[in-house]
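Report on one structure; see the data block that follows.
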Amino acid sequence: MTSPVARLSCSPTIETLQSRLRIDGYAVAHGHIDAGLIANLRVETDALLGRFAAGDRSDDFWCYEDGSTGRSMLYRVHNLEKQGAAGCADLFRTAVLNHLAAALIGAVRATVCAMVVKTPGVAGVPWHRDRIDVAPGTAINLSVFLDRATVQNGCFEAVPGSHLLADDADVPRTHELGLRVAVPAEPGDVLIHDVRLIHGSGDNPNGELRRSIIIEFASETSTSQTG
Ligand code: NI
């Protein structure tokens, strides 16, 4: 099944982002992070990729072994704020994303920080919901894109409105029956999605590295993070 592509031509206002988040469960703030900060974050995350390439297999470097090549495939660096990368830690603790999250869902706290990385050849992420132990609109994930994300290198895909489905919604059946929308992004874009949204991403067979830094923000009234 091919996926339609949704993309706004210019950065929407907070009100537009709020409306899209409420109705669709996701929205994109285009060009929200300036090029200088993106360049710095690329340097820091290059160093982390270098550590993995050099054999670092700490618990925060999440990888799997490719059955056909035997290669270790990195797909996530967990606890990113604890990896000695100052710009990444700032993004988690104090900087611009907190203001965006607060404007969207009220007073918030950052709860989880990670780098999602699609190394060339890595498999996609199966359809899932990040968590369902919170009400719609009370916990969101913000993804800062460091590289271009396209359909060809496995960009984010979502079922619009699925954040409003019941906790026990059948995820595989919903994405097969529902509208699946691919959400490409450019460096500096921030993708916002409700943690309840049904989403996934494709494989990256075309060899273009794609990194994003993902941070969860939860409103003060939501339940605490569980995993
Ligand atoms: Ni997810």
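Just so you know, these numbers use all the heavy atoms, side chains as well, and skip hydrogens, waters and symmetry mates. Whatever order the structure lists them in is the order used to number ligands and atoms, beginning at 1.
Looking only at N/O/S atoms, Asp130 comes nearest to the Ni ion (ligand 1) through OD1.
Note on ring orientation: taking the six-membered ring where Trp is involved, the planes of His199 and Phe156 are parallel (angle under 30°, cut-offs 30° and 60°).
Aromatic ring centres of His78 and Trp62: separated by under 6.0 Å.
Contact check for Lys118 versus Glu208: no side-chain heavy atoms found under the 4.5 Å cut-off.
The distance from the Ni ion (ligand 1) to the nearest N/O/S atom of His193 is not under 2.8 Å.
Considering the Ni ion (ligand 1) as centre, the angle to NE2 of His128 and to NE2 of His199 is 90° (10° rounding).
Shown here is Asp59, whose CG atom has no more than 12 heavy atoms of other residues, nucleotides or ligands within 6.0 Å.
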